[in-house]
Amino acid sequence: MIKVNNITKKFGSHISLENINCEFNKNESIALMGANGAGKTTLIRSIMGYYHLDAGEVLIDGLNPIKQRVEVLKHISFVPQLPPPIKLNIEELMQYISVSANVDKELMKHYANEMKLNINANLNKSFFKLSGGMKQKLLIAISLAKESDIIIYDEPTANLDPKARDDFYRLLKQNEKEKVLLFVTHRLEEVKDLVNRQIYMDFGKIVPDERF
Amino acid sequence: MKNLYLIAYLDLKESIRAKWFLVYSLVFGGLIALFFIAGVTESQVMGFSGLSRLLLMYIQITIVILPIFILITTVRSISGDRDSNILEYMLSFPISLKQYYWGKITGRFITVYLPVIFAMIIAVIYGAFKGADIPWSIFFLYIGVLFAMSATFLGIAFFISSFVKSSEVALGIAFFIWIFLLAFIDIALISLMMQQRVDEGLIIFISLINPMEIFRVAAISLFDPELTVMGPVAFYILDSVSQSTFMLLSIGYPLLLGLLFAFFGYKIFEKKDLV
Ligand SMILES: Nc1ncnc2c1ncn2[C@@H]1O[C@H](COP(=O)(O)OP(=O)(O)OP(=O)(O)O)[C@@H](O)[C@H]1O
Ligand SMILES: [Mg+2]
């Protein structure tokens, strides 16, 4: 489903990804690990089509995520490492997503509820005024409500309390079937039940690749 | 198209809530209110009176402040969203870059254009209510001029915002462009003219590449040339091309310039990384 062919990404003289090759297929749940600055976020952004690569290409179901971004992104749910300071209020953000990505608003609310986030009390609040954990809960709820074949999470649990983490893993467990789940994490023990493949990155390269 | 409207609509809503928009609307609304309080419509100076005089003063001030307002508030729109990782999230949904960019411009255009027009409409309504004659041709010309002016500077601002990195640099460029178009070109041309070595037509041509100068000339183009105090450029232009040709030019050329800059901005946006 996701094919990463020999990609290299440099920022100035710094090489963030060096000749990365990998493939992620249906029913795989991958824990992507590695030290800070190893290149995990850079790899994920390359898959999302955000970077113009110095070499190689990414193909998602055979499509290029830069040139055919609309087609590709229809099938991806994504939660970034840091929730951005979006100024839209919650209602508007949900409108943005429901119109552009055809996601049911009620379903977003349902998952927010499951994540113990009270959306109705915050509809008119700007997104950036929510607490860090609330932001992550909302982004997670949106990612679950969006019907996708590929779910990409860049450390979405950093700000969540333990209870919320459990909720999140439970919901994800129900949701990962027939999909690719790509999960950046520093805590393997937490996602052990969830993943069936581990990838380690170091200095812009993929080290071992264990399947189990 | 659906996504373009969506983005324009949400950007518009977001802008209207912003503090700068409040200041912006108050400035233009306040300007009109001030004119009425000061009794501009009642005075008779140099042959034009009533509403046409008020509108002329309004547009002359607007030519100076609208560009800097637009530049300052817009010059970081794209690059700011890129640096704060807003693009990373907002563009993780199936929206084309084209729809996003042009949607943002459309929303921003409506935000900056409506208050200046609205203030003018209120002036006309209030003036008519007080019994003044409405100078329709001037009114419609100014609607067009303001449209073109908003487009020009919005285009330039989006162009800058597509590549500039820090907000300090962005603001610096914005100020420079503004003061350059407002004064530097004129000063340079005046000194050239005084040396009397350069052809007059060439000087006029150069000064008219400057959209700000075009707007200045357009603002007084409907007034009787005998009565108005106009600069040499305006006199030369209005003397050598017909009024209607000039009016089309004065709206068409800046509009095209704005679109061109916006288009180049889009090309850069497309070529650059989104985070
Ligand atoms: N926009 C950028 N400009 C310059 N360098 C960058 C940029 N983005 C990432 N880098 C560099 O690329 C390298 C990899 O960064 P990346 O964000 O992919 O790391 P990461 O594995 O996600 O780390 P973390 O666990 O801290 O999130 C780092 O050395 C970082 O400084
Ligand atoms: Mg990271």
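Numbered from 1 within each chain, the chains take letters A, B, ... in sequence-line order. Here the structure is a predicted model, which means the values were calculated and not measured.
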B/K13 atom NZ, over 12 foreign heavy atoms within 6.0 Å: yes

Counting heavy atoms not belonging to B/Y5, are there more than 12 under 6.0 Å from its OH? no

So, the part of B/L6 with a heavy atom under 4.5 Å from chain A: the answer is side chain

Side chains of B/L274 and A/Y51: does their closest heavy-atom pair fall under 4.5 Å? no

Look up atom OG in B/S92 and atom CG in A/L73, then write down how far apart they are to the nearest 0.5 Å. 7.0 Å

Heavy-atom distances under 4.5 Å only: say whether B/N3 touches chain A with side chain, backbone, both or neither. side chain

Could you have a look at B/I7, B/L10, B/D81 and say which one has the most heavy-atom pairs with chain A under 4.5 angstrom? B/L10

Per-residue contact mode, B/E14 against chain A (heavy atom under 4.5 angstrom): side chain

Using a 6.0 Å cut-off, check whether atom NZ of A/K10 has over 12 heavy atoms from anything other than its own residue. no

Under 4.5 Å from any heavy atom of chain A - which part of B/E270: backbone

Distance from B/F93 atom CZ to A/K74 atom NZ, nearest 0.5 Å? 14.5 Å

Non-hydrogen contacts under 4.5 angstrom with chain B: give the residues of residues 79-109 of chain A involved, or none if there are none. A/P80, A/P84, A/P85, A/I86, A/K87, A/L88, A/N89, A/E92, A/L93, A/Q95, A/Y96, A/I97, A/V99, A/S100, A/A101

So, taking the atom named NZ in B/K272 and the one named NE2 in A/H52, what distance separates them when rounded to the nearest 0.5 Å? 10.0 Å

Above 12 or not: heavy atoms from other molecules or residues under 6.0 Å from CZ of B/F163? yes

Should the heavy atoms of other residues, nucleotides or ligands under 6.0 Å from OH of B/Y9 be counted, would the total exceed 12? no

Please check if the number of heavy atoms outside A/F11 that lie under 6.0 Å from its CZ is greater than 12. yes

Residues at least two apart in sequence or cross-chain that pass side chain to side chain donor-acceptor pair (under 3.5 Å) with A/H186, listed by chain then number, are A/E155

What option among B/K2, B/R17, B/Q99 has the most heavy-atom pairs under 4.5 Å with chain A? B/R17

Would you mind checking which part of A/K67 comes under 4.5 Å of any heavy atom in chain B, side chain (CB onward), backbone (N, CA, C, O), both or neither? neither

Tell me the closest heavy-atom pair linking A/R69 and B/S96, and the distance in Å. NE-CA, 4.2 Å

By number, which residues in residues 118-143 of chain A have some heavy atom less than 4.5 Å away from chain B? A/L139, A/I142

Chain A interface, residue from B/L91, B/D11, B/L97 that has the most non-hydrogen pairs under 4.5 Å: B/L91

Proximity of residues 38-45 of chain A to chain B, residues having a non-hydrogen atom under 4.5 angstrom: A/R45

